[in-house]
Amino acid sequence: MGTKKPWSGRFKEATDALVESFTASIQFDRMLYQYDIRGSIAHCRMLKKQKIIAPAEAAGIIAGLKEIEQEIEQGKLAFTARLEDVHMHIESRLIQKIGPTGGKLHTARSRNDQVALDVSLYLRDAVIDAIRLLDRLQETLLSMAEKHIAVSMPGFTHLQHAQPVLFSHHLMAYYEMFTRDRERMESCFARVNRMPLGAAALAGTPYPIDREYVAQLLGYPRVTANSIDSVSDRDTLIEFCSAGAVAMMHLSRFSEELIIWSSPEFQFVELPDSFCTGSSIMPQKKNPDVAELIRGKTGRVYGNLMALLTIMKALPLSYNRDLQEDKEALFDTVETLKGCLAVFTALLPKVKINEQQMEKAAHQGFTTATDLADYLAAHGIPFRDAHEITGRIVASCISSGKTLEDLTLAELRKFSSTIAADALSFVTVEHSINSRAAIGGTARQTVKIAIKTARAELKKQRRFIATAAPSWHRG
Ligand code: ARG
């Protein structure tokens with residue numbers, strides 16, 4: 001009796017068992033149980049306030065829902081495909097516990113707006129969690145950039161030594177990326193933060209409901225404006241998965257660099273034993289599996305975004321059962337993103353930076369050749385010719401096994417009489433770095449200011465969590 005379908009009145013045949021398991025979503029939407037109960041309690045309080053149900057009935061329903069929450073937490077509620085989804089499990093258990101009054105909870109509501117509310121509540125939490133995790137990563141990057149401000153490294157283009165940069169400047173590049181990821185999450189939050197319940201099946205409900213009151217109870221600043229839209233779009237899920245995919249892309253690039261940098265060919269960094277694994281056959285191996293897995297998991301997060309976009313494409317308004325397919329993609333993105341951010345942020349401060357090796361590499365590969373060309377250009381030689389002359393100097397260094405900094409003034413002047421004594425200091429790594437002093441450049445003073453500015457900005461960004469985040473999530 002407890003598993004009787006709520007729509008059984010119209011049906012002459014029982015649901016085929018194959019269809020029951022095919023249409024069930026309880027295996028994954030059980031994740032939403034806390035949100036479903038929180039939403040139902042708010043809905044019930046509104047029904048009472050509007051005198052749609054009696055106070056005693058509301059009290060019984062709310063007490064029952066709270067007990068069911070405990071039961072689910074303690075693993076006492078059995079889940080079955082016959083009851084399809086989390087909403088029907090909770091409702092049917094409620095009726096089982098408190099009798100027919102339990103059936104009044106669904107007054108003025110449909111599973112269509114109910115699931116929209118559940119997912120919105122879930123997503124609000126997920127966005128705030130992601131922002132908090134990004135915040136910790138940003139903080140970690142700032143501390144690392146401050147700590148290693150003295151260290152230079154070769155900046156790369158095409159994975160070839162290009163120009164020397166500060167290691168801190170390289171770290172701050174990632175800081176900027178994660179800052180934008182955070183901004184994307186914050187902007188997404190504003191659109192998730194609208195309360196959809198009250199749309200009912202699609203057209204709204206004739207009951208005298210008070211949607212604003214439900215919104216207030218659940219900490220939403222406003223309600224959604226259109227009932228059809230409320231039950232049929234999933235664009236905020238797509239936005240989250242898109243922002244998540246971009247953040248994973250950034251994590252993946254950083255992971256890739258750690259993988260390359262920790263190779264014996266680079267030796268820029270050493271990964272902590274506690275974040276690496278060994279090989280079952282090669283005793284000498286220490287593998288960067290955490291970084292590799294983050295890189296690999298980026299693929300599934302991209303896939304989830306594609307799945308959602310494809311589910312939504314060409315769906316006619318309003319609700320269609322296709323929409324049930326949104327949840328696994330969303331949940332997987334949330335879990336994967338949060339897991340990767342957490343493990344990467346734990347890993348970073350434990351990475352040993354081989355400062356000497358980075359410094360050494362900064363001097364290799366003629367990283368200051370552009371500076372020498374700039375020097376010649378500054379002394380009146382057209383840049384194209386300056387480029388050509390410098391290229392010849394580099395070629396001769398390659399055959400003699402020297403760096404640009406090794407060359408004496410006499411050796412340099414063989415290539416151009418324009419070169420004077422001050423050129424020697426011009427081609428040093430230190431000079432090259434510190435000459436790039438405009439905003440956004442790698443000069444040490446500029447990077448120090450960039451870190452300071454970022455710290456101040458981060459402090460301001462934190463106000464978002466303190467103010468926009470609903471009170472029940474402030475921790
Ligand atoms: N499990 C469903 C989903 O996730 C809940 C809504 C069902 N609505 C319906 N009309 N069948 O979309």
Side-chain angles (χ1 to χ4, degrees), residues 3-11 13-16 18-40 42-43 65 68 72 77 79-95 103 105-126 192 195-205 224 226-238 240-241 304 307-335:
T3 57
K4 192 173 137 233
K5 301 276 190 271
W7 58 81
S8 59
R10 188 217 182 280
F11 283 68
E13 284 178 351
T15 317
D16 191 293
L18 202 57
V19 173
E20 275 188 337
S21 69
F22 184 74
T23 55
S25 54
I26 186 63
Q27 327 78 274
F28 47 85
D29 67 15
R30 60 212 277 179
M31 290 264 298
L32 294 172
Y33 79 92
Q34 283 178 320
Y35 302 106
D36 197 71
I37 288 172
R38 193 191 302 162
S40 284
H43 178 65
L65 286 170
I68 295 169
I72 299 178
L77 192 77
F79 295 118
T80 158
R82 296 201 60 198
L83 283 173
E84 210 175 289
D85 58 24
V86 66
H87 325 294
M88 276 163 58
H89 273 81
I90 291 171
E91 185 182 318
S92 114
R93 179 74 185 123
L94 184 66
I95 294 170
L105 171 63
H106 212 54
T107 314
R109 181 174 83 168
S110 149
R111 275 189 299 158
N112 296 352
D113 60 342
Q114 187 179 354
V115 75
L117 175 64
D118 291 6
V119 171
S120 160
L121 288 166
Y122 167 87
L123 196 47
R124 272 199 322 188
D125 269 0
V192 178
M195 206 292 295
L197 201 72
L202 79 160
T205 169
T224 55
N226 180 292
S227 61
I228 297 176
D229 174 47
S230 303
V231 296
S232 63
D233 205 354
R234 294 294 184 265
D235 59 349
T236 51
L237 282 67
I238 292 175
F240 177 86
C241 287
N304 291 336
L308 282 180
L309 285 167
T310 312
I311 291 164
M312 296 310 294
K313 178 181 178 294
L315 262 197
L317 300 185
S318 63
Y319 181 86
N320 299 271
R321 193 59 179 272
D322 313 45
L323 293 177
Q324 181 167 290
E325 289 289 310
D326 64 353
K327 280 167 218 61
E328 284 163 293
L330 176 65
F331 296 165
D332 186 67
T333 297
V334 169
E335 292 307 312

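Whatever order the structure lists ligands and atoms in, that order sets their numbers, starting from 1. Here the structure is a predicted model, which means the values were calculated and not measured.
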I'd like to know if the side chain of Asn226 reaches the main chain of Thr224, judged simply by a donor and an acceptor atom lying under 3.5 Å from each other, with no hydrogens or angles considered. no
Ion pair Glu84/Arg111, N-O distance below 4.0 Å: yes
salt_bridge(Lys327, Asp29) N-O dist < 4.0 Å: no
Verify the neighbour count for atom CD of Glu325: are there more than 12 heavy atoms of other residues, nucleotides or ligands below 6.0 Å? no
In this structure, are over 12 heavy atoms from other groups packed under 6.0 Å from Phe11 atom CZ? yes
Contact check: [X] vs ligand 1, nitrogen or oxygen atoms, below 3.5 angstrom:
X	result
Asp85	yes
Glu84	no
Lys327	yes

Could you find the nearest protein heavy atom to [atom] and give me its residue, atom name and distance?
atom	answer
atom 11 (N) of ligand 1	Arg111 NH2, 3.6 Å
atom 12 (O) of ligand 1	Tyr319 OH, 2.4 Å
atom 8 (N) of ligand 1	Asn112 OD1, 2.9 Å
atom 1 (N) of ligand 1	Gln324 OE1, 2.9 Å

If you count the atoms of ligand 1 from 1 in the order shown, which ones are under 4.0 Å from a heavy atom of Val115? 4 (O)
As an exercise, identify every atom of ligand 1 less than 4.0 angstrom from a heavy atom of Ser25. 1 (N)
What do the steps show when you test Asp85 against Ser25 for side chain to side chain donor-acceptor pair (under 3.5 Å), and what is the final call? CA-CA 5 Å; Asp85 58 24; Ser25 54; 4.6 Å; no
All heavy atoms of Ser40 vs all of Arg109, minimum pair found to be OG-NH1, 2.8 Å
